[in-house]
Each structure stands twice: as structure tokens, then as C-alpha cells.
Amino acid sequence: MSTLKQWLSDLEDDDFIAWANRGLLRRARKLLSNTQALNPEPSFEQVPLSVRVAHGHQQHTVTLAEAGFKHLDCSCDAVGPCQHAICALLFAQDWLQHHPATTPESSDGDHANEVSDPPAPATLAPGPWLIDNHVERIKQLGRKELESATEKLKRGLPVHIQEERNTLVGTVIEQQSYRVRIPRNAGLDASLCECGKARCLHRAAVVLKAVDEAGICALEQLPEAPLNDEEQHSLNDSRDWLHHIVRIGLHQLEPHSISRGQALATQVRQSGFPRLAGQLSRLCEVLKQELQAQAAVSTQAIRERILDAMILIRALQSEPMPRPRYQLAGVHRREYFQCANLELHCVGLQAWVSSRGMSGLSVHFCDRQQQHWYRYNLVRPPQQYGRFSPQELISSERWGQQTLKSLLGQQIQVEQAWLSVDGSLSGREDTQLEPQGQQQAQVITHWQTLRQRMAEAIQQTPFDQTPRLPVLINARACGLPHFDPTEQSWQQKLYDHSSAKEVLVAQQQGPSRVWLKAMQNGVDTTHWVFGYLRLENKTLYLEIVSLQCSKTEAFKHLSLLDF
């Protein structure tokens with residue numbers, strides 16, 4: 001029974017509050033001061049430990065079989081924590097403190113009355129949370145909870161741990177903050193989490209974080225969760241549909257085949273593969289355009305989309321996966337984690353309309369070195385909001401108590417925000433930011449740097465289509481813009497400042513009078529340009545979002561002005 005006595009001795013107010021609440025703890029202390037337990041000397045040699053508590057004209061029996069709140073049982077009608085159970089624990093704890101001869105730390109003989117110094121922190125026993133065996137972690141934490149915690153930790157789930165003398169306290173931040181308490185002398189079976197579950201991913205995340213910081217097992221070495229039957233079934237159906245499209249060819253393509261692909265895109269998204277779902281959706285859109293002859297679609301482009309999807313499916317079904325699962329499967333943007341102390345620069349505003357009729361705004365941010373890019377998205381269904389007016393939206397919509405219009409071109413200190421792993425910022429009300437004033441962002445002037453970054457981006461996403469890389473550059477325009485009928489876009493050649501041989505093709509979809517006027521007036525002058533870079537046929541294309549022809553002009557957000 002030494003574990004039970006040690007657990008009772010180590011209990012603190014925070015443990016009672018985590019299990020119940022402050023109100024019940026306060027009422028239990030009041031009850032303890034106004035009543036007497038009917039068995040003043042509980043026997044720690046009998047199982048279970050029993051304490052009878054008098055409450056008014058009623059008597060309640062509280063039993064405790066093992067260390068841990070979940071082993072408590074009270075004869076009252078309350079469901080869950082009650083003041084009688086807390087009163088009994090407080091009584092037992094007080095009894096132990098006044099009878100040191102029975103505590104595990106005491107010894108008999110001549111040393112019974114000696115007061116020993118508390119052990120130094122270095123002599124503390126290793127915490128029960130330092131589990132070095134994966135099978136044992138599954139046994140104590142649960143396979144599903146452990147796999148979920150592993151995946152979210154690899155994606156950046158914020159977990160903070162602090163090891164105290166008797167307890168490991170961990171804080172896990174998801175949509176809200178959860179605190180986990182693991183007692184040193186009673187183990188995981190007596191641990192508590194504010195979510196109220198006996199097993200949860202928060203408890204598993206705290207243990208994995210402690211194991212990682214102790215150097216027992218790094219997060220990168222944790223095994224990936226294998227695919228279950230539902231996930232395998234979704235991937236097999238998607239692969240069979242792709243093979244069907246290849247077999248019949250474009251000349252025998254029918255609407256029901258495209259509808260089947262759209263249904264599969266929904267199915268694989270629900271199975272947890274949003275990246276593959278996006279590829280299938282984009283492929284269906286291109287096939288639909290080809291079937292209805294709405295646009296000139298390149299056969300090579302269709303082949304590449306099919307090949308990309310097949311390669312991704314094969315990578316997901318490989319054991320082990322060639323990349324972490326979250327990188328291959330993708331992540332849902334609705335999963336946001338708390339972040340703090342970001343220094344961002346607002347570099348662009350983009351109005352858009354999706355192929356499904358959704359409209360919205362994207363506000364683009366970057367850090368000083370352009371190593372990380374972020375965006376705040378506003379989506380507006382037209383049937384719900386009527387005609388979409390981006391000009392009105394940027395003046396009225398607020399993010400972090402600031403209007404979007406006031407953020408353009410600003411250096412911003414973000415004290416608290418909510419961020420997904422793909423760089424999307426949430427519009428939660430508790431976002432805290434402070435504009436630092438209009439400042440010129442750091443730009444790239446040499447195309448070699450752009451090529452290196454594009455090569456790194458392609459290497460990081462080998463199972464997806466050519467990535468669109470956000471960049472902020474300083475370039476010199478040469479020649480007049482011209483319209484490319486194949487790409488259905490206006491194009492303009494840009495040169496870096498070191499060599500006229502390195503050519504970058506700036507691109508703007510649709511007729512853009514603002515873009516044309518800016519480029520015509522800015523021939524052979526320096527341009528400050530933000531947009532998305534992509535590589536096609538060994539040529540770098542830049543889809544422009546914002547530009548500035550000289551330092552004296554305000555930079556223009558082309559999609560907003562031409563919307």
C-alpha cells in the first residue's frame with residue numbers, strides 16, 4: 001500500500017481542482033472542519049481504504065481501492081466528483097501527516113523521531129512518464145491516442161511540460177488549452193487531464209514530449225500509424241478509377257466517370273487524405289473542361305495530374321512511407337495551433353473566385369527572411385452574402401482588432417495567433433497583434449536564389465504537382481507586355497540586377513488594365529513584385545499578386561483593382 005500512501009501524501013490543491021473544481025474543494029474543507037470521520041484511524045493494510053463521512057443526518061462511505069481519483073467511490077447519489085470524496089482524501093492526508101510512523105518515508109527503531117532533510121532533486125526517482133518501450137506506451141496510453149498525438153506533434157502541436165517535485169505538469173494547446181498532471185509516485189494510472197477522459201491524446205502528447213526532451217526517443221523516430229481498412233479501401237478505389245481513365249482515354253470519356261472521380265475526392269478527404277482529394281478534384285475539373293470543350297486543355301497536363309495522383313497513392317501505401325504521413329496525406333486547414341511572437345510583413349491582398357463559386361480575400365504575410373509565408377483567408381459563399389465586394393470587405397473586416405486595409409504594407413508584431421501547418425492564420429477573436437508602421441520588406445534581387453528555393457520546394461513535395469512558391473522580388477522589366485492565347489494570360493519579361501540572361505516571365509490572368517498600364521509605364525525601371533512562382537518547361541513563371549513600379553508609389557493589388 002506504499003503507493004497509495006505516497007499518492008495521498010503528495011496530493012495538492014491543484015490535483016483536487018483538476019479532478020473536481022475550486023468550489024467542491026472549498027465545500028470539502030468546510031465539511032471536514034464541521035464533521036468527524038467515524039473511523040479515526042484508517043487501516044492502510046486493508047484494501048480498499050474506507051472512510052465514513054457524516055454530512056448532516058446522513059453518513060456516506062468513501063472507498064479507495066488504489067492510487068488515483070478514478071478508483072474513488074462514494075455512496076452518495078452524485079455522478080462524478082463530490083465533496084464527500086474530497087473530504088475523505090483530505091482527512092486521510094491529514095491523518096498521515098500526524099502519524100509519520102506509518103508513512104513510507106519513516107523507519108522504526110532509534111531513527112523514528114529523527115527529521116531527515118528532503119532529498120535533493122537529483123535523487124528523485126525517474127518519472128513514470130519516461131517510458132522507453134513503444135509497446136508499453138501503447139499499453140498505458142492507448143494505440144489510437146498515441147498515434148493521434150504522434151501525428152499532431154510532428155505537425156507542430158504546442159506542448160509545454162514542467163517537471164515538479166511530485167508531479168509532471170503538461171499543457172497541450174489545441175482549440176483550447178488542456179492541462180495534464182502525472183504524479184511521480186502513482187504513475188499514469190493516477191494521472192489527470194482537464195478534458196475529463198481516462199485516455200486522451202493530451203496525456204499521450206505530454207508523455208511523448210517528455211520522452212523526446214529526455215533523449216529517450218526523438219519525435220522523428222516515432223513509428224507512423226499504419227493505414228486501416230477504410231483508408232486502404234479509399235486509396236484502392238482511387239487507384240482503380242485512375243487506371244479506368246487511362247484505359248478508356250479522353251475520346252471515350254463520359255460524364256459519369258467524372259462524377260465518380262468527384263465522389264472519390266470527397267471519400268478520400270473524409271478518410272484523412274486532403275492532398276490526394278485536392279489532386280483528384282483538380283483532375284476532375286480539367287477532365288470536365290475537356291469534355292465540354294470549355295478550354296484548350298493540354299493532354300500532357302492531364303497525364304501529369306494522373307501520374308502525380310498515382311505516385312502519391314503508391315507512396316501512401318508503402319511500408320514504411322517514404323515521407324512522414326502528414327506530409328503525404330496533407331492536413332485539414334481547420335486544425336489550428338496556438339503560436340506567439342511572430343514578426344510579419346503584409347505584402348499582398350488577393351481577391352479570388354473559385355471554380356465552385358466561392359469568393360473571398362487572401363491577405364499575404366512573410367517574415368523578414370522570406371523563410372515562412374502566412375495568409376489570412378476570408379471565404380464568402382455568394383448565395384449567402386450576395387454580391388461580393390472586396391473593397392468593402394477590406395475596410396470593414398477586422399483581424400486582431402485591426403482592419404485589413406490598415407495592415408497593408410505594415411510590419412506587424414503578432415503576440416498571439418492561431419496557425420495551421422500549411423500557413424493559414426485563423427480569425428479567432430483572441431488574436432493579438434500590433435502594427436509597427438509602414439516598412440519596406442526585404443526582397444530577392446538575384447534569380448539564382450529563386451531557382452534554389454524552387455528546387456528545394458520541389459524536393460520537399462516530390463509526390464505533388466509543381467509547387468507554387470510565394471516570393472517577393474525586386475526586378476527590372478524589359479519590353480512591352482504581350483498576350484499569350486495558349487495560356488490566356490498577359491506576360492512580361494523581368495530581369496534580375498546581376499545578369500540579363502536570367503529571364504523571369506511575369507504573368508497575369510485575364511485582362512488587367514492596371515497591370516498593363518503599370519508595366520508600360522515601368523519599362524526599364526525597377527519593380528517591387530509579390531506573387532507565386534512556378535516552374536514549367538524549365539521556365540520560371542511568376543503569377544503577380546501585387547506590384548510597385550517605384551518607391552514613391554503605393555503598391556497595387558491587381559486582383560482587387562480589377563475585380
Side-chain angles (χ1 to χ4, degrees), residues 227-317 325-335 352-360 362 377-385 388 420 422 424 461-468 487-488 509-510 532 534 543:
L227 299 179
N228 56 37
D229 293 341
E230 178 187 352
E231 293 168 340
Q232 288 282 15
H233 182 70
S234 296
L235 294 178
N236 290 335
D237 286 350
S238 301
R239 182 192 58 205
D240 294 342
W241 177 74
L242 292 171
H243 288 165
H244 170 72
I245 296 298
V246 173
R247 284 197 306 269
I248 64 175
L250 295 179
H251 63 286
Q252 296 183 1
L253 187 64
E254 296 182 358
H256 69 83
S257 298
I258 301 177
S259 299
R260 171 60 177 162
Q262 293 171 337
L264 283 172
T266 302
Q267 178 181 332
V268 297
R269 180 176 284 106
Q270 293 174 346
S271 299
F273 305 111
R275 170 168 288 178
L276 177 61
Q279 290 187 348
L280 295 180
S281 296
R282 291 190 292 268
L283 175 60
C284 288
E285 289 294 329
V286 174
L287 292 177
K288 186 176 180 180
Q289 292 176 5
E290 172 68 19
L291 183 63
Q292 298 177 353
Q294 291 180 347
V297 180
S298 170
T299 305
Q300 180 64 26
I302 296 177
R303 291 174 180 172
E304 290 177 355
R305 291 179 186 270
I306 294 176
L307 181 60
D308 288 339
M310 287 183 171
I311 292 176
L312 181 57
I313 292 173
R314 184 168 183 177
L316 287 168
Q317 293 183 321
R325 174 170 174 165
Y326 79 93
Q327 292 184 4
L328 296 177
V331 294
H332 293 287
R333 292 184 179 180
R334 65 175 177 267
E335 297 181 332
W352 48 266
V353 177
S354 71
S355 58
R356 297 182 179 181
M358 304 294 288
S359 56
S362 294
N377 296 320
L378 293 171
V379 183
R380 294 293 183 265
Q383 65 273 16
Q384 180 178 353
Y385 292 92
F388 174 61
S420 70
D422 67 346
S424 294
T461 57
F463 306 103
D464 202 351
Q465 297 179 7
T466 302
R468 296 170 67 247
E487 295 287 339
Q488 290 293 302
Q509 296 290 337
Y532 284 90
R534 74 179 193 278
E543 301 173 19

Checking side-chain contact (heavy atoms from CB on, under 4.5 Å) for the pair F273/R325: CA distance, chi angles, key distance, verdict? CA-CA 10 Å; F273 305 111; R325 174 170 174 165; 4.3 Å; yes
Run the side-chain contact (heavy atoms from CB on, under 4.5 Å) check on E290 and V286 step by step: do they pass? CA-CA 6 Å; E290 172 68 19; V286 174; 5.6 Å; no
Take E231 and L316, measure what side-chain contact (heavy atoms from CB on, under 4.5 Å) needs, and give me the verdict at the end. CA-CA 10 Å; E231 293 168 340; L316 287 168; over 6 Å; no
So H233 and D237, side-chain hydrogen bond (donor to acceptor under 3.5 Å, both in side chains) or not? Walk me through it. CA-CA 6 Å; H233 182 70; D237 286 350; 3.1 Å; yes
side-chain contact (heavy atoms from CB on, under 4.5 Å) between H244 and R260, intermediate numbers included: CA-CA 11 Å; H244 170 72; R260 171 60 177 162; over 6 Å; no
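Rounding to the nearest 0.5 Å places CZ of R305 at 7.5 Å from CG of L283. A distance of 14.0 Å separates CZ of R314 from CG of L328, quoted to the nearest 0.5 Å. Here L264 contributes atom CG and L242 contributes atom CG; the two are 8.5 Å apart, rounded to the nearest 0.5 Å. Separation of atoms CG (L291) and CD1 (I258) is listed at 4.5 Å; rounding is to 0.5 Å. Rounded to the nearest 0.5 Å, atoms CD (Q267) and CG (L235) are 9.5 Å apart. We find the CD1-OG distance between I313 and S238 to be 5.0 Å, quoted to the nearest 0.5 Å.
Across every non-hydrogen atom of L227 and Q317, the tightest pair is CD1-CA, 4.3 Å. What you find for G278 and R269 is that their closest heavy atoms are N-NH2, 4.0 Å. A265 and A277 make their closest contact through O-CB, 3.3 Å (heavy atoms, listed as atom of the first residue, atom of the second, distance). Considering every non-hydrogen atom in both S271 and E230, the closest pair reads OG-OE2, 3.8 Å.
Within a 6.0 Å sphere centred on CG of D240, heavy atoms belonging to other residues, nucleotides or ligands number more than 12.
W241 places a side-chain N or O within 3.5 Å of a backbone atom of S257 that can act as its donor or acceptor partner.
Looking only at side-chain heavy atoms (C-beta outward), R247 and Q252 stay at 4.5 Å or farther from each other.
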